[in-house]
Amino acid sequence: LSHPAHEFCAVGGDAAGCGGGGDGTRILIKGGTVVNAHRAEEADVYIEDGVVVAVRPNIPVGADNVRVIDATGKYVMPGGIDPHTHLEMEFMGTVTIDDFFSGHAAALAGGTTMHIDFVIPVNGNLTAGLESYKHKAAKAAMDYGFHMAITKWNDEVAREMEVMVKEHGINSFKFFMAYKGSLMVTDDLLLQGLQKCKSLGALAMVHAENGDAVAEGQQRMIDLGITGPEGHALSRPPILEGEATARAIRLAKFINTPLYVVHVMSIDAMDEIAKAKREGQRVIGEPVVSGLVLDDSWLWDPDFTIASKYVMSPPIREAGHGKALQAALSSGILQLVGTDHCTFNSTQKAFGSDDFRKIPNGVNGLEERMHIIWDSMVETGKISVTDYVRVTSTECAKIFNIFPRKGAILEGSDADIIILNPERSFVMGAHTHHSRSNTNVYEGRKGKGMVEITISRGRVVWEDGILNLAPGSGRYVMMPPFGYIFDGIEKSDAIYRASLRAPVQRGKAGA
Ligand code: URP
Ligand code: ZN
Ligand code: ZN
Ligand code: ZN
């Protein structure tokens with residue numbers, strides 16, 4: 001077997017340059033069921049230099065220096081891609097405890113081989129923010145990309161956005177509609193940002209909660225003497241998420257640009273997305289694992305250490321919301337699953353022991369996502385194995401314009417692959433996880449399906465419960481603008497403009 005031209009190099013580079021692993025490792029995965037989002041098939045997979053070279057039945061073993069892995073009875077799937085993480089993020093007076101090394105250890109042990117993290121600007125400055133995150137990511141052990149938050153607006157920020165897209169491979173910008181006084185943006189900024197995103201072919205993302213109303217709701221709780229973690233949920237009810245989601249969707253429609261709603265946590269928000277989709281609007285909804293499988297009862301646990309673990313925003317809701325979000329995911333209303341991995345240990349969470357407003361917001365999930373979605377959705381028959389690959393990997397690669405280099409097991413794709421044994425079971429918890437946190441919101445959770453092997457760009461990095469990481473080996477993945485979701489936008493703009501210039505045509509049949 002010969003090495004193919006590495007056809008996706010055009011999108012590689014920047015921080016770590018092109019290179020498909022390059023250490024000469026050859027692996028033949030035999031006898032498994034290879035699952036891509038478009039089909040599952042009995043096939044072997046041959047990998048060389050970090051790249052998938054062949055996918056077909058009965059590939060002969062050939063040369064001696066090829067490692068053969070028997071995958072009989074197992075699923076061979078693209079490694080997970082987590083669209084939403086916060087590694088080493090400065091937030092709420094502290095820093096998330098997982099960095100680009102421990103976070104990657106956790107991810108790889110859980111079958112995720114790439115993630116997209118949110119660069120937070122430094123005092124509103126994007127260039128400084130990127131510089132800081134490049135340093136943080138120097139120890140990366142797997143591939144990663146960046147989204148960037150926009151926290152302030154002026155001409156300089158607009159110019160920097162263009163530089164981020166054209167020179168640094170960032171094709172998405174996040175606007176926080178919550179966190180008043182720190183990250184929150186006004187509608188004015190959001191409108192300017194949506195317009196700029198559209199012109200650059202970059203995807204606008206929103207954290208959709210009404211931050212002004214949240215501040216009011218928080219004060220209400222404090223005035224009532226409710227200072228514990230339950231006050232977090234009570235102060236920011238689903239209607240505030242629904243309101244902001246609806247507002248962002250309408251503003252995106254007004255600008256005619258696609259919108260990505262991160263961490264959809266409620267029926268209220270999901271319904272707004274469903275309605276917009278029904279009307280033909282390009283809106284992507286991302287549920288996160290915690291919102292799909294946990295419920296808010298934990299926030300009432302009398303033990304602060306337990307209750308505070310579950311504080312994240314938007315809050316984890318009553319159980320009915322998670323069920324509805326699962327249904328929306330299985331029916332395509334919501335498209336891909338993230339984690340919002342944003343981990344703080346119990347000492348950090350205790351900053352808010354007498355005031356829930358000071359509990360750092362965030363939960364773990366980077367290590368757990370692939371297993372929980374398999375167990376709760378594939379094992380229960382809610383989604384097929386091909387849909388599993390779609391919602392955990394392929395859809396993310398397509399939306400952020402790095403498919404089929406990522407998100408597929410096809411000739412020429414990066415060899416980011418997992419081998420999952422559906423017969424084995426797992427138990428989760430802080431004693432066995434790879435995150436640096438001393439707590440886990442999935443403590444004691446059991447289920448079926450186990451990622452036995454993780455291959456990151458052609459290297460076996462997780463096998464038999466043992467990690468074999470190479471700090472610094474993770475590559476920065478450049479993500480080009482104008483992904484598929486922008487295709488056709490200019491046509492609908494032209495039709496809209498024409499309709500404005502021909503007012504007499506309005507209302508006539510066929511107009
Ligand atoms: O509670 C959360 N979600 N923390 C991370 C920051 C964010 O809003 O995504
Ligand atoms: Zn290459
Ligand atoms: Zn958020
Ligand atoms: Zn987040």
Side-chain angles (χ1 to χ4, degrees), residues 82-98 103 115-121 129 133 144-151 172-185 190 193 203-211 214-215 218 229 231-233 235-236 238 240-241 244-245 248 259-266 269 284-292 294 296 298-299 307-317 325 336-345 348-349 351-352 356-366 369 396 435 437 439 441:
D82 188 338
H84 187 158
T85 59
H86 302 280
L87 300 181
E88 206 180 328
M89 176 177 65
E90 286 155 51
F91 188 50
M92 295 185 73
T94 183
V95 182
T96 58
I97 194 147
D98 281 321
H115 70 116
I116 314 178
D117 207 86
F118 289 88
V119 172
I120 308 295
Y133 271 75
Y144 61 95
F146 288 142
H147 313 286
M148 184 165 278
I150 300 297
T151 54
S172 48
F173 295 94
K174 179 176 179 185
F175 302 86
F176 289 92
M177 299 168 81
Y179 305 123
K180 189 174 184 178
S182 59
L183 300 169
M184 187 173 113
V185 301
L190 181 56
L203 189 53
M205 312 173 87
V206 284
H207 171 132
E209 281 185 293
N210 186 315
V214 166
Q218 289 176 327
H232 179 74
S235 64
R236 44 207 309 158
L240 302 189
E241 193 188 343
T245 304
L259 183 72
Y260 182 113
V261 183
V262 305
H263 48 42
V264 177
M265 298 294 280
S266 64
I284 295 161
E286 168 211 82
V288 292
V289 181
S290 52
L292 290 167
L294 298 174
D296 67 351
W298 294 102
L299 290 160
S308 61
K309 285 196 293 186
Y310 297 89
V311 169
M312 68 166 288
S313 295
I316 294 165
R317 312 291 188 184
L325 294 173
L336 74 168
V337 181
T339 62
D340 198 5
H341 185 87
C342 183
T343 307
F344 301 100
N345 67 18
Q348 294 172 300
K349 288 279 185 180
F351 296 160
F356 68 83
R357 294 174 299 181
K358 297 184 186 144
I359 301 170
N361 289 194
V363 300
N364 61 289
L366 190 46
R369 181 181 72 125
C396 183
S435 159
S437 180
T439 68
V441 291

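Note that this is a predicted model, so its numbers are computed, not measured. As the structure lists them, so they are numbered: ligands from 1, and atoms in each ligand from 1. Values below: all heavy atoms of this structure, side chains included; hydrogens, waters and symmetry mates excluded.
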For this session: Identify, by name, the N, O or S atom of His207 lying closest to the Zn ion (ligand 3).
Result: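 Looking at His207, the N, O or S atom with the least distance to the Zn ion (ligand 3) is ND1.
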For this session: Return the name of the atom in His263, of element N, O or S, nearest to the Zn ion (ligand 3).
Result: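 In His263, the N, O or S atom with the shortest distance to the Zn ion (ligand 3) is NE2.
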With a 4.5 Å heavy-atom cut-off, do [X] and [Y] have their side chains touching?
| X | Y | value |
| --- | --- | --- |
| Thr96 | Thr343 | no |
| Pro314 | His263 | yes |
| Tyr179 | His207 | yes |

Mind checking whether [X] contacts ligand 1 via backbone (N, CA, C, O), side chain (CB onward), both or neither, at a 4.0 Å heavy-atom cut-off?
| X | result |
| --- | --- |
| Asp340 | side chain |
| His232 | neither |
| Met312 | both |

Problem set entry | Winner among Tyr179, Phe344, Phe176 once heavy atoms are compared against atom 2 (C) of ligand 1 |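 When every heavy atom of Tyr179, Phe344, Phe176 is considered, Tyr179 comes closest to atom 2 (C) of ligand 1.
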Side chains of [X] and [Y]: donor-acceptor distance under 3.5 Å anywhere?
| X | Y | result |
| --- | --- | --- |
| Asp82 | His341 | no |
| Thr85 | His115 | yes |
| Ser313 | Asn361 | yes |

For this session: Provide the atom name of the closest N, O or S atom of His86 relative to the Zn ion (ligand 4).
Result: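 Among the N, O or S atoms of His86, the one closest to the Zn ion (ligand 4) is NE2.
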For this session: Give the name of the N/O/S atom in Asp340 that lies closest to the Zn ion (ligand 4).
Result: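 Within Asp340, restricted to N, O or S, the Zn ion (ligand 4) is closest to atom OD1.
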For this session: Show which atoms of ligand 1 fall inside a sub-4.0 Å distance from at least one heavy-atom site of Gly362.
Result: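 Counting from 1, the qualifying ligand atoms are 1 (O).
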Problem set entry | Per-atom contacts, ligand 1 versus Cys342 - under 4.0 Å to a heavy atom |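 Every atom of ligand 1 under 4.0 Å from some heavy atom of Cys342: 4 (N), 5 (C).
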Problem set entry | Chi angles and distances behind the side chain to side chain contact (heavy atoms under 4.5 Å, CB included) call for Arg369, Val288 | CA-CA 9 Å; Arg369 181 181 72 125; Val288 292; over 6 Å; no
For this session: May I ask you to decide if the ring planes of Phe118 and His84 are parallel, tilted or perpendicular, using 30° and 60° as cut-offs?
Result: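 Ring orientation, 0 to 90° scale: perpendicular.
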For this session: Check the angle between the aromatic planes of His232 and Phe356 and answer parallel, tilted or perpendicular using the 30° and 60° thresholds.
Result: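 His232 and Phe356: perpendicular rings.
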Exercise. Would one find an N, O or S atom of His84, in either backbone or side chain, under 2.8 Å from the Zn ion (ligand 4)?
Worked result: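 Looking at His84, which is the residue asked about, there is an N, O or S atom under 2.8 Å from the Zn ion (ligand 4).
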Problem set entry | Nearest neighbour in protein (non-hydrogen) for atom 1 (O) of ligand 1 |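 Checked against all protein heavy atoms, atom 1 (O) of ligand 1 sits closest to Ser313 N, 2.8 Å.
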Exercise. Which residue holds the protein heavy atom closest to atom 4 (N) of ligand 1, what is that atom called, and what is the gap in Å?
Worked result: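 Minimum-distance protein heavy atom for atom 4 (N) of ligand 1 reads Asn361 O, 3.1 Å.
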For this session: Please confirm whether Met92 comes under 4.0 Å of ligand 1, counting heavy atoms of the residue only.
Result: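 Under 4.0 Å: no for Met92.
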